[in-house]
Amino acid sequence: MTYERGLALCLVLEIALFASIGWNFFTAGNAGEIVRASAEIGLLALALTPVIVTGGIDLSVGSLLGLCAVVLGVTWRDAGWPITVAAAAAVVAGVVGGGLNALLVARLGIPPLIVTLGTYSLFRGVAEGVTAGVRNYSDFPESFLFLGQGRIGVVPSQLVVLVAAAIGFWLIVHRMAVGRMLRAIGFSPDGARYAGLPVGRRLGSVYLLSGMCAGVAALLYVARLGQAKADAGTGFELMAITAVILGGTSIFGGRGSVGGTLLGLATLAVLQNGLRLADLPAELAGVVTAALLLAALGANRVLQGRSRK
Amino acid sequence: MRRLGGGLTLLALVLGAGACRGGGGAGGTEQGQTIAMMPKNKGNPYFASCRTGAEEAAKELKARLLWDGPTETDPAKQNEVVEAWITRGVDVIAVSVENKEAISTVLRKARSRGIKVITWDADTEPDARDYFVNQATPRGIAETLAGHAARLLGGKGEFAVITASLTAANQNEWLRQIRLVLAERYPEMKLVDVRPSDDDRKRAFEETQTLLKVHPQVKVVMAICSPAVPGASEAVKQSGRTDVHVTGLGLPNDARPYLKDGVLDSAVLWNTKDLGYLTVYTAHAVASGALKPGVSSLPAGRLGAVKVEGDQVILGTPFTFTKDNVDQFHF
Amino acid sequence: MSLLRLQDVSKAYGGVRALRAVSFDLRPGEIHALVGENGAGKSTLVRILTGAVEADSGTVEIEGRRVEHADPVAMRALGVAPIYQQPALLPDLTVAENVAMGLERGGPWRRIDWPGRRERARQLLARVGADIDVDAPAHGLRMAEQQLVEIARALGADARILLMDEPTAALTDREAERLFERIRGLRAHGVGVVYISHRLEEVASLADRVSVLRDGELVATREMAEVDRNELIRLMVGREIQALFPKRTVPRGDVVLAAEGLGCRASGIHGVSFDVRAGEIVGFAGLVGAGRTELARVLFGLTPADEGVIRLRGAAVRISTPAEAVGLGLAYLPEDRRRHGIIAEMSIAANTTLAALRTISRAGFLDFAAEREIAASYQQRFAIKAPSIDAAVATLSGGNQQKVALARWLATRPSVLVLDEPTQGVDVGAKAEIHGLIVDLAAQGLAILLISSELPEVLGMSDRVVVMRAGTVAGGLDGAAATQEAVMTLALGHQPRLSA
Amino acid sequence: MSLITTHRRELSVAAAYGVLLVALILFAPAFYQGANLRDVLVGAAPVLVAAVGMTLVILARQIDISIGSQFAICAVVAGMLAKAGLAMPIAAAGALAAGASLGALNGVLVAGFGLPAIVVTLATMVGLREALRWATEGVWVQDLPPGFQWMGFGQDVGRFAIPGLALVVWALVAWGMRHLAAGRAVYATGSDAEVARLTGVRPRRVVFGVFVVMGALTGLAALLSAIQFIDVQTNSGVGFELRVIAAVVVGGTSIAGGKGSLVGSLLGVLLLATAGPALTFLGSQAYWDRALQGVIILVAVAADAFGSATRLKARP
C-alpha cells in the first residue's frame, strides 16, 4: 500500500467517524464550510510543497499573509486605489516578500530555516509597524467579498481558486520539467548543479511562488473575514507545514506530492470541523494532529524502508 | 493524474454524497435548548471564570451548553466555530466578539437560518445579533480607569499603558476612549507610552520595568488586560518605587496579593461569573421568545430582575476591586 | 598463529547473498591484498571486519580469540584500524582531535587533556612523515593529508591489523609511494595489512599474498610471487579479458573546442591552452592537484574563468554556469560519481534525462513516453544491468551507475564530452565496457577530453596527451611520443623515479 | 590558527553588540543605570539557560521547536508541586525532571525511531501546548506558598542569584563542551554522525542525551522565570523557542551542526535581550520592535554569508 492510499483511507475513516458522531457533519453545506475554512492554509500548503520538495522550508508565509492583507488595506482605503489594483498590489507585495527569501536563500546560500525565521519576524513586524498595530481595514466592496463569502452554484468561491492552484501546482510538481528539477535539487543540490540545472534560479522561484501564494491567500482571508489587520494569518505557517508533512512530503526533500498535500490538508480540516460538530473540545485537535504527524512519519519510514530492499 | 484525481475525487465525494442529506438538520433528540457560547480565547482565565457562571445557569435552566472557541485569540477561528454551530443546528449562539466586522457576516447568516444570536462581553454590529449582554461600555471602562488614574495623579502628570497586543480590537477601543476622556476631562494628564504584553505576564513585567526607567516621571501604570495587571504590579513592586501605582483591568484572584501590598491601587472589572450566568439566561430567554423587543426587564435566576435597555441587557457598571473588598470575590 | 582468521563467513542483505562461506587469514607482518570486481563482496568483508555489520554465520577470530557481537568500538579496541579511500575525519574538528578520537580510554565524563592531545598528534604525524598543523580544522586538509591523519590515528591506536580500502585512489604518485614505504615499515613491526585496491600494479608491488573474491565467494588465495596479472584478472572476472584498450582508427575532424590562455584564480589554474577536434580523444595526465579537475570545472562553468578565451567551433563563448555549458553542447562526467554524477534516489530514467529535460518536454511539460524511450534505448545500448528503468540508481553497482551517468550526458547530444576519472571505482569488466563506449562515442564525432590518474588508461585510450602541472599545461605528447616516461617527466617537471 | 579566524563569528557578533552599546552611551545613557542592567540580565537568564541547551541540540545537528510548550508545562509543574505543600527544592527538581522527561520523549522519537527532529518537535510543540490548555483552561496556579517567589531567598538575593545561576550553568556547560569527552562527542556527532560512530562515539545516545539536557535546561529556565513571580501563568513561553533559536543562530552556531560555541550563544542572547529594552530607551515605537528584531537576525546571518563567500574564494 502506498502512503497516499493509507492516508486516503484514514480520511475516509475519519469522515465516517464524524458522520456518525457529529451533528450534520455529512452535508453539502458542511463540506463547503470545510473548504472555506481551509482555503487559505490550503494555498499556503500547496505552495510549500515544492519548497519542501527542494529540501527547504518557508516559515514566513503566515506573516507574509498578514503583510499582504495590510498592503491591501493601505492601498485600497488609505491610498484610494480601486480594489482590483489594490488586490494586485497585495499579490505583488507577496512576490516581493518571497523575493527577499529567494535572494537570501538562492543567492547568499543561507539555510532557508534561518532566512525565513528572520523574515517571519520581519514581515509581521512591518505589518504591525505600518498599521501601528491598531488599524483595521474593513467595509470592503461586496464584489471583493464575494471571493471569500460567495458561492458559484453550490460551490464556495474559494474552492475555484484552490482547485486552480492545486491543478497548477500538480502540473508544476508532477508534470513539468521544473518539477523534476526541484526533486533533483531536493535529493542532491550538488548533483543537480553538476547536471547543468539552474539550481539557484529554481530555488529562488519556489520561494517567489510561495510569496505570491501568500499574497493570494491574503486576498481570500480578507474577503472571507471582511477585514484586514496586521495579525492576519498568525500561526498559518505551522498548519500549512503540518498539512504538507502529513501528506507524505519528506522534510529532507526530493519526495513529495501535491495530491498528498491535499489529503493532508483535508485530514486536518475535517478533524477540526468534525470535533466541533461532535461537541469535542478544540484542544483535542492539537493533540490528535500531533499524534497523526508522528504516526505519519513512522508509516512513511516503514514504507520507504521496505521499498529500498 | 491519478494522485491529484484521488484528492479531488475525495473532495467531490464529501460534497456530493453530503448533498443527499443536505439541509436535513438533525438537531438532536433531547429536550431543552442547545446554547452555544463562545469566548474570545479559551485559554484565558477571564473566560474560564465566565464559564463557571454559564454552566451554573445552564444547569438551572436544564439547557445544553456548548462552550468552544479559539485556543488563541483569532477572529478567523471564531468565524469557523460559528459556521460549525450553524451546521450543527444549535438553538442560540452567544459570542464574545473579537472583531465586529469580521464576524458580522456569519452571525447574520446564523440569524437567517433561524438561530438566535446574542453577543456578550464585546459586541458586533447591532443588526447582526438580537441582544448584547453588556457588562460595561468601552466608554464606561475608559471613564472608570481614567478616573482612577486622575485620582492617583491628582489630575496632573504622566502615565503609561500596558496593553494585551497591539492588534487586540477591544484594547484598542478602550485606548481610544481613554484618550477621548483625557481630552475632555483631564487635559493635564499625558499618556506617554503604550507597550504590548502579548497576553504574557512575563512580557508585561519586563515592559513595565523598562518603562519605569525610560520614563521615570510616570507615576501610574495602567494595565488593561488581565495578565498585565499582576505583571505590571510585580515590576513596580520589585523596583521598590513606592511613588508609582498600578491600576487596571483584571481578575480579583490575580490582583489580590498586589492590592494587599499596596502596589496595585485598584482593579476594575465586573463579576465575570455573573456575566457568564446572565449570558446564558439571556440566551435562553431570547430562544424561548420570552425576551423580545419592548421587554424592559429580564428575570435572571439569582441575579433577580436585570434591566434591559433597548437591545442591550445590562449587567451593571464596572466594579472596582480594592484591598478592602477583594476578599469577597473568588474568580 | 594468524593475526586474523575468518572461517566460513556468510552475509546476506535482504535476499541477496553478499558473502558465501568466506575463509580468509592474515599473518603478522603480512600485506594481504584483497581484489575483486565491484560487487564481489569486498566492502561487505571490510564492514564485517570493522564491526559495522555482523556476519550471519561463520566465525571471526583475532589473535586466536573468537569475536562475538562486534561493533566498531570493540573492533578498534581489538586492534583493527580501518583506513578508507575517503578519509573518515570529522570535518569541523581539529587534526589533533581527529587523531585522538577513539584512542582515549575512559567514559564520556573524562576530562580531555588538550596539551597531551596536541603533543601526541604531533608525534604520530611525525612518524608518518606529515607536516600538518594539529590545530587546523580537518575540512581544510588535502585528501592525502587526511589520509595521513588517519594512518597516524591507526598507529596511535597500536593497531595490529590495518584495513586499507583503496587508500591511494586520491593520492598523487609521490604521496602513494610515501604511503607504501610507511606500510612496508609497519610490516616490520608485525602489523598485518589487508589491502584492497583495483590497481593491480600496486597490488603486485606491495602485497605478500593476494585473495580474490568473486560473486561473494573467495575463489583463490595465492602467494603474490606465484601469480601474474593476467591470471589475477581471469580469477576476478572468471574469464579472459581480451584487448584491454580497444583499437580504432577514426578520421579527425575540425577543432571543436579550444582554450586560449584560460585561467581561474579561485581554482588556481592559469594560462591553459589546448584544442580538441571532432572524433578525437585527448587525454589529460598529471599528478593529483595538477589542475585537471579544476580545468574541467572551469570549462563547465562550475568555477567560471576569469582570464583567457574558450572557443567552440572558432567562436568565443562565455561559460559562467553549468546550465550555459550544457546549452553550448558541453558535457562533464564528474570525478565524484556518488555526490555529483548521479542522483542516487532517482530512477534510471530520471537520471538519464536529467540534463536533457528540454528535449523530453514540450512547453515545459514532460513527455513521459519520450523519456522512457530514451532511457530504455540507453539501457540497451550500454547494457545497464537493472530490473527496470524505474529502479533507483542507488540500487545499481558502481559500473552501472557510471553508465547511467554517461548516458545522461549522451542524451544531451553534446559535441564535447569531458570525462573525469570515468573508470574510478569501477570493476575490471565494467571498465572494459566503458572504454568501448568511449571509443564508440569518438567514432561518432564527439570531441572527448579524458582525465585519468591511471596512466595506462590515458595512454591506451588517447590520440594525444596533454600533461598538466601546477595549474597549467606542461606540454603535449602526440601518438607514439606519449610514453609513461615522457608523461611523468612532464608531470613532475624532472626525470621521474618510477617505483615499479 | 589565529583567534581572528577561529572565532570570526563570535567576534563579529561581539562587534555588533559593541556598536549597540556605544549607540546607547551616545543616545540613551540612562540605559546604563545599574537597576536596568540588572533587570536586563534577570530577564535574559531563562533565555540564556535554554540557549545553552539549544546550542547543544543544534551542534548535534538537531533542532527542538517544542521548548516553548515544555517551558509552560515545567512552570506549571513547579507551581503545582509547591502548591501541594512540597518543599521548594523538590518543586524545583520536579520542574527539571518534567523537562527532562519531555526532552526524553523527543529524544526517543528522534534518536530511537530515527524521525526528523523538526517534525517530531513540531508535533510535540502543538500537542503539548494544546494538552496543557485542555487540562488547565488557562487558569493560573495561584495561592502559592510565600516561599515560591525567589525560592524563599528574597528579592535581593534572588535577583542576583537568577542571572548568577544562569551564568554558572553556561560556564559549566561551556567548559564541559571543551574539556569533557561528552562535549566533544556532541561536536563529533554534529560534524559527521557516521564517522563519529566509527570512532567510538554513540551518536544516537548523544542525540538522545542532548534532547534530555535541552528538556532539563528548559525546566530550569521555566523555574528561573516562574520564581520571579508569586503565581504561575499557564500559557507562558509562547514563541520562546523562536527567541532561543534566534539567539543561538545569531551567535554563530551553524544549523548544519558541528560548528559553533557557547561564547557565541551568550553574545547572541545578550544582543537580543539588550535590543528589546534598548529600542524602548532609544524612543522606538513598540510596533516597530518586531520588524527590527527580524532585521537584526537577517543582517547577522547575511553578513556571515557574505563573509564566508569571500573566504571560500580566497582559498585555493
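Residue numbers begin at 1 in each chain, while the letters A, B, ... track the order of the sequences.
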Item to check | chain B contact via A:Q272 - which portion, at a heavy-atom distance below 4.5 Å | outcome: side chain
Checklist entry - So, for A:W76 and A:Y137, is the gap between ring centers shorter than 6.0 Å? => result no
Item to check | Heavy atoms from other residues, nucleotides or ligands near NZ of A:K229 exceed 12 (cutoff 6.0 Å) | outcome: yes
Checklist entry - Most heavy-atom pairs under 4.5 angstrom with chain B, which of A:A37, A:G226, A:G22? => result A:A37
Checklist entry - In terms of heavy-atom proximity below 4.5 Å to chain B, should A:L280 be classed as side chain, backbone, both, or neither? => result backbone
Item to check | B:K190, NZ atom: more than 12 neighbouring heavy atoms under 6.0 Å | outcome: no
Checklist outcome for this item: Note: vs chain B, highest number of non-hydrogen pairs under 4.5 angstrom among A:L277, A:T234, A:N136, A:L7 is A:L277
Next on the checklist: Please classify the contact between A:D231 and chain B as side chain, backbone, both or neither, with a heavy-atom cut-off of under 4.5 Å.
Outcome noted: both
Checklist entry - Got more than 12 heavy atoms from elsewhere within 6.0 Å of NZ, B:K116? => result no
Checklist entry - Side chains of B:M38 and B:Q78: does their closest heavy-atom pair fall under 4.5 Å? => result yes
